[in-house]
Amino acid sequence: MPELPEVEYTRRRLHRAMTRARITRVIVRRQTLRYPLPAEFAARLEGQTVRAVVRRAKYLVVELSSGERLVMHLGMSGWFRFMPAQLEAHDHVVFEMSNGKVVAFNDPRRFGFMLLLSRDEHSECGKLTRLGPEPLDKTFDAAALAAPLARRKTSLKIALSDQRVVGGLGNIYVVEALHRARLSPKRRASTLVTNNGAPRPALYDLVDAIRSVLKEAIRRQARTDDGNPFRIYDREGEPCPRRGCRGTIRRITQAGRSTYYCPVCQR
DNA sequence: ATTGAGACCTGTCGGC
DNA sequence: TGCCGACAGGTCTCAA
């Protein structure tokens, strides 16, 4: 599930359920997430009012009235269930709010985590400070990508998956953006930058592709149609969806993860 | 400093 | 039906 669009959709729902409400009760049903929850986790949260729920890359940050922050990551399989009729397996942490809303964090694989940080711990938290730019911010442009890509000796796919280069892209949306920009995932990252560090035209295309892929995916979240909503991801052997392209989608492995691409139109 | 491999965990799916 | 391996949208750590 969770790359930037899914995390952003989760943030909006959490915001509606929690912001300006008080946390009346926290039930910890499983302490051993990626990082074990401290014994006083529930007590520190109960009684606090939620000021805001914000997102940074794939991280969710609940801002609390004490100044503390609850930093959360969904990992591979984490998600929130809103107003669950009853608790189920893998509902690890439940928040009950003064407005009557209940949200349950569910995560079968437990790669997700929650960190309750003081104001200072939060501002120094390396997980957040080392992140690259937000791809949907105005500051994200070809110039912002040029420097980190120029230094890389790896492929575009690997470079774009690195959260220090851009924050929030994961396996699926990197694959989708590269197809949209007609760029091969195997191409060396530094070839999108000239020798003196200026963006080449393809880098502008890539920036546009990243932004549009993410925006469309966020818009799509509210709908719950099933089936594979992606053009390329998990479509090995199918014809390339680009108009006029007669290529067939291939699957390769890069850094241990699946990459899908069209060898005909992606160069 | 980069980079790849392995680890963390559970669930699901395809093949035999 | 049952078993087994491969694989899954993320990050971290460690060795080269």
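Here is the naming used below: chain letters follow the sequence lines, and residue numbers restart at 1 for every chain. We use all heavy atoms of the structure for the numbers below, so side chains are in, but hydrogens, waters and symmetry mates are not.
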Exercise. Please check if the side chain of A/Q254 supplies one atom and the backbone of A/I158 the other of a donor-acceptor pair under 3.5 Å.
Key: no

Quiz prompt | Other residues, nucleotides, ligands: >12 heavy atoms within 6.0 Å of A/R29 CZ | solution = yes

Quiz item: Any side-chain N or O of A/K58 under 4.0 Å from OP1/OP2 of C/dG10?
Solution: yes

Quiz item: How many Å lie between CD1 on A/I218 and P on C/dG9, as a whole number?
Solution: 20 Å

Quiz item: Looking only at side-chain N and O atoms, does A/R152 come under 4.0 Å of OP1 or OP2 in B/dT3?
Solution: yes

Quiz prompt | Inter-nucleotide C1' distance (B/dT3, C/dG9), Å rounded | solution = 22 Å

Self-check item: salt_bridge(A/E216, A/R219) N-O dist < 4.0 Å
Solution: no

Quiz item: Among C/dA8, B/dT10, C/dT11, which is the nearest nucleotide to the side chain of A/Y59?
Solution: C/dT11

Self-check item: Nearest-angstrom distance from the residue atom CG of A/L60 to P of C/dT11
Solution: 12 Å

Practice problem: Over 60° means perpendicular and under 30° means parallel, so classify the ring planes of A/H92 and A/H90, tilted if in between. | Solution: perpendicular

Practice problem: Name the nucleic acid region contacted by A/R130, choosing base, sugar-phosphate or nothing; use a 4.0 angstrom heavy-atom cut-off, strictly under. | Solution: nothing

Quiz prompt | Nearest-neighbour nucleotide for the A/R251 side chain, B/dT10, C/dG9, C/dA8 considered | solution = C/dA8

Self-check item: A/H73 side-chain N/O to C/dG10 phosphate OP1/OP2 under 4.0 Å
Solution: no

Quiz prompt | Presence of A/R257 side-chain N/O under 4.0 Å of C/dT11 phosphate oxygens OP1/OP2 | solution = no

Self-check item: Length of the OH-C1' vector between A/Y35 and C/dT13, whole Å
Solution: 10 Å

Self-check item: Residue mapping more 5' on DNA chain B - nearest nucleotide basis, A/I158 or A/R30
Solution: A/I158

Exercise. Check whether any side-chain nitrogen or oxygen of A/H90 sits under 4.0 Å from OP1 or OP2 of B/dC9, and answer yes or no.
Key: no

Quiz item: Within the structure, does a side-chain N or O atom of A/T154 lie under 4.0 Å from either OP1 or OP2 of B/dT3?
Solution: yes

Quiz item: Taking atom P in both B/dA5 and C/dC7, what distance in whole Å separates the two?
Solution: 14 Å

Self-check item: Residue A/Y233, side-chain atoms from C-beta onward, closest of C/dG10, B/dT10, C/dG9
Solution: C/dG9

Quiz item: Parallel under 30°, tilted from 30 to 60°, perpendicular over 60°: which one fits the rings of A/Y173 and A/F230?
Solution: perpendicular

Quiz prompt | Atom pair distance, as rounded to whole Å: CD in A/E6 and P in C/dA8 | solution = 16 Å

Quiz item: Hey, does the side-chain of A/R109 have a donor or acceptor N/O within less than 3.5 Å of a partner on the base of B/dC9?
Solution: yes

Self-check item: Selection from C/dG10, B/dT10, B/dT3 that lies nearest to any side-chain heavy atom of A/K153
Solution: B/dT3

Practice problem: Grab the CE-P distance between A/M72 and C/dG10 for me, whole Å please. | Solution: 18 Å

Practice problem: For A/K157 and C/dG10, give me the distance from atom NZ to atom C1', rounded to whole Å. | Solution: 13 Å

Quiz item: By centroid distance (under 5.5 Å) and plane angle (under 30°), are A/F111 and B/dC8 in a stacked arrangement?
Solution: yes

Practice problem: For A/S258, report the nucleic acid contact type (base, sugar-phosphate, nothing); a contact means any heavy atom under 4.0 Å. | Solution: sugar-phosphate

Exercise. Kindly point out which of C/dG9, B/dC8, C/dT11 is positioned nearest to the side chain of A/Q163?
Key: C/dT11

Practice problem: Would you mind classifying the nucleic acid contact of A/R151 as base, sugar-phosphate or nothing, using non-hydrogen atoms under 4.0 angstrom? | Solution: sugar-phosphate

Quiz item: Taking atom types as modelled, is there a side-chain donor on A/Y261 or A/K186 under 3.5 Å from an acceptor on the other?
Solution: yes

Quiz item: To the nearest Å, how far apart are A/E88 CD and B/dG11 P?
Solution: 13 Å

Quiz item: On a whole-Å scale, what distance lies between the C1' atoms belonging to B/dT12 and C/dT11?
Solution: 22 Å

Quiz item: Looking across every strand, which nucleic acid part, if any, lies under 4.0 Å from A/F113 by heavy atom: base, sugar-phosphate, or nothing?
Solution: nothing

Quiz item: Considering every strand shown, what is the Watson-Crick or G-U wobble mate of C/dA6 when both distances are under 3.5 Å?
Solution: B/dT12

Quiz item: Taking atom P of C/dT11 as reference, at what distance in whole Å does atom CG of A/L74 sit?
Solution: 10 Å

Quiz item: Do A/R250 and A/T248 have a side chain donor and acceptor closer than 3.5 Å?
Solution: no

